[in-house]
Peer 1: 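Here's a structure for you.
In the text below, chain A, chain B and the rest are named by the order of the sequence lines, each starting its count at 1. All of these numbers come straight from a predicted model, not from anything done at the bench. Hydrogens, waters and symmetry mates play no part in the numbers below; they use all other heavy atoms, side chains included.
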There are 2 protein chains.
Amino acid sequence: MAPITASRALGLPIGELSRLSGVNIETIRYYERIKLLAAPRRTEGGHRLYGRDDVRILAFIRRARELGFNLVEIRALLDLGGPGKASCGDVRKIATRHLHDIRAKMSDLGKLERLLSRTVARCTGKTAPDCPVLDVLDTARTPRPRGRSGIRPS
Amino acid sequence: MAPITASRALGLPIGELSRLSGVNIETIRYYERIKLLAAPRRTEGGHRLYGRDDVRILAFIRRARELGFNLVEIRALLDLGGPGKASCGDVRKIATRHLHDIRAKMSDLGKLERLLSRTVARCTGKTAPDCPVLDVLDTARTPRPRGRSGIRPS
DNA sequence: CTTGATCCTGTAGCGGCTACAGGATGCACG
DNA sequence: CGTGCATCCTGTAGCCGCTACAGGATCAAG
């Protein structure tokens, strides 16, 4: 139930904030726990009460997450855009590095896409003992350097 | 019994297997724990001893990981390519779906790259109160549907 | 006052590893 | 045969960014 008369003296409960910002309730509490978000005031019973600013901040965070910024970067962005009113140059630095990462990732994905689509194209779909996909995977190339390479989830 | 005997004769310790396959020692043990990899025989003292086949399998896994397959998919691929000698069609199905995912991700990254590069380009780098990057992030668009959307790490 | 929606804290789990701690083993060399 | 030390063992906890409970407490409408 959404009380239309919400924001009584600008006191949004967490569910309302969630709806307005597009951020999951559990995630909001998580952000508070890791101190990405300041702890809000509470009702006497202990329920969180947020203001309009919180909606903006959370929406900002959500958008930045959608753009692939991680929480460390977002924390930095929030600090920069915060009370100190730091330089746009610093923000640009973060964004530029991030852009660089994105381009690298796209290039990787591109290579991968070409390899995989070429391989799949060779597939007959029949029950064959020599499957091109498995073949490609089986050609273990460079046992590449000892690495903390980590390989991110797909 | 043909070449199996040969591979049994040489018993690779885990460190050797790691070097040959390019997979981290800890990761190999992890794969064993989650049963992606069969438990190998051991020395009397309890040290793992691997054969040549294990090098192939691990290299296969590593390569598939590099191509962005997740462990569930890899497990399926291993099963398919395994004793049952299943159809190439099944393998193709997995690979095709995966290819689809890759393309979707590339498209997303492309949009993101365009938005971010356009935005960064507008940056003066000066200490300005109105930073284009922060502006873009601040325009919270659709407070999109209640979601288990999750947004993957960058 | 009762209901039931919303909220609270705390903890555990996901994937795919990585990083220890605190020991046991294997093997070359003297 | 002893010694030293590289490698190995198990087990547990941590990383990120959430998500999903359990087991209650609170709030507001009727």
Side-chain angles (χ1 to χ4, degrees), chain A residues 1-9 11-37 39-50 58 61-75 101 146-154, chain B residues 11-37 39-50 58 61-76 101 146-154:
Chain A
M1 243 201 279
I4 308 170
T5 54
S7 72
R8 194 168 59 101
L12 304 165
I14 198 168
E16 201 74 13
L17 177 62
S18 170
R19 250 163 270 130
L20 290 173
S21 65
V23 176
N24 205 314
I25 290 182
E26 316 265 36
T27 306
I28 294 173
R29 287 199 281 249
Y30 168 71
Y31 285 162
E32 182 181 329
R33 207 160 59 240
I34 65 168
K35 288 173 199 212
L36 186 64
L37 212 59
R41 64 198 177 91
R42 305 263 188 154
T43 65
E44 282 192 19
H47 287 200
R48 291 170 180 81
L49 281 182
Y50 296 92
L58 264 182
I61 294 173
R62 178 171 69 79
R63 189 125 174 79
R65 287 292 297 129
E66 281 170 16
L67 290 181
F69 288 90
N70 63 33
L71 294 187
V72 171
E73 290 167 329
I74 291 175
R75 207 186 290 268
D101 289 353
R146 313 282 311 110
R148 55 219 70 267
S149 73
I151 309 174
R152 286 276 129 229
S154 80
Chain B
L12 303 164
I14 197 169
E16 202 76 12
L17 178 62
S18 171
R19 250 164 270 129
L20 290 172
S21 66
V23 176
N24 205 314
I25 290 183
E26 315 266 35
T27 307
I28 294 172
R29 286 197 281 248
Y30 167 71
Y31 285 163
E32 182 180 330
R33 208 161 60 242
I34 64 168
K35 286 170 202 217
L36 186 64
L37 212 60
R41 65 200 178 90
R42 305 264 187 153
T43 65
E44 283 193 16
H47 288 199
R48 290 170 180 81
L49 281 182
Y50 296 93
L58 264 182
I61 294 173
R62 177 172 69 79
R63 189 124 175 79
R65 288 290 298 128
E66 281 172 15
L67 290 179
F69 288 90
N70 62 33
L71 294 186
V72 171
E73 290 167 328
I74 291 175
R75 208 185 290 269
D101 289 352
R146 312 282 310 110
R148 56 218 68 266
S149 74
I151 309 174
R152 288 277 131 226
S154 79

Peer 1: Does OP1 or OP2 of D:dT7 have a side-chain N or O of B:R29 closer than 4.0 Å?
Peer 2: no
Peer 1: Quick one, B:I61 and B:V23 - any side-chain contact, counting heavy atoms below 4.5 Å?
Peer 2: no
Peer 1: Between B:L71 and B:E44, which has a closest nucleotide on DNA chain C that is more 5'?
Peer 2: B:L71
Peer 1: Say you draw a straight line from CG of B:L71 to CD1 of B:I34; how long is it, rounded to the nearest 0.5 Å?
Peer 2: 5.0 Å
Peer 1: State whether A:R29 and A:E32 are salt-bridged, where the test is any N-O pair (Lys NZ or Arg NE/NH1/NH2 against Asp/Glu carboxylate O) under 4.0 Å.
Peer 2: no
Peer 1: Quick one: A:R33 CZ to C:dA12 C1', roughly how many Å, whole number?
Peer 2: 11 Å
Peer 1: Verify the contact: side-chain N or O of B:R75 to OP1 or OP2 of C:dG15, cut-off strictly under 4.0 Å; return yes or no.
Peer 2: no
Peer 1: What nucleotide, of C:dC7, D:dC8, D:dC18, holds the atom closest to the side chain of A:P13?
Peer 2: C:dC7
Peer 1: Would you say A:T43 reaches D:dC27's phosphate, i.e. side-chain N/O to OP1/OP2 under 4.0 Å?
Peer 2: yes
Peer 1: OP1, OP2 of C:dC17 versus side-chain N and O of B:Y31: anything below 4.0 Å?
Peer 2: yes
Peer 1: Distance check needed: C:dG16 P versus B:I61 CD1, whole Å only.
Peer 2: 12 Å
Peer 1: Are any side-chain N or O atoms of A:E16 and backbone N or O atoms of A:P13, one a donor and one an acceptor, separated by less than 3.5 Å?
Peer 2: no
Peer 1: Taking any heavy-atom pair under 4.0 Å as a contact, classify A:R48: base, sugar-phosphate, or nothing.
Peer 2: sugar-phosphate
Peer 1: With DNA chain D as reference, determine whether A:G46 or A:E26 sits nearer its 5' end, using the nearest nucleotide of each.
Peer 2: A:E26
Peer 1: Any side-chain N or O of A:N24 less than 4.0 Å from the OP1 or OP2 oxygen of D:dT19?
Peer 2: yes
Peer 1: Measuring to OP1 and OP2 of D:dC18, would you say a side-chain N or O of A:R65 lies under 4.0 angstrom away?
Peer 2: yes
Peer 1: In whole angstrom, give the distance that lies between atom CD1 of A:I34 and atom P of D:dG14.
Peer 2: 17 Å
Peer 1: For B:L49 and D:dT7, what is the distance between atoms CG and C1' respectively, to the nearest whole Å?
Peer 2: 13 Å
Peer 1: Just the rounded figure in Å: distance from P of D:dC16 to CD1 of A:I74.
Peer 2: 13 Å
Peer 1: What is the distance from OH of A:Y50 to P of C:dC7, rounded to the nearest Å?
Peer 2: 10 Å
Peer 1: Starting from P on C:dA5, measure out to CD on A:E16 and report it in whole angstrom.
Peer 2: 17 Å
Peer 1: Would you kindly give the CD1-to-C1' distance between B:I14 and D:dT7, to the nearest whole Å?
Peer 2: 11 Å
Peer 1: Answer yes or no: is there a donor N or O on one side and an acceptor on the other, between the side chain of B:R48 and the main chain of B:A39, under 3.5 Å?
Peer 2: no
Peer 1: Under 4.0 Å from OP1 or OP2 of C:dT18: is there any side-chain N or O of B:T27 that close?
Peer 2: yes
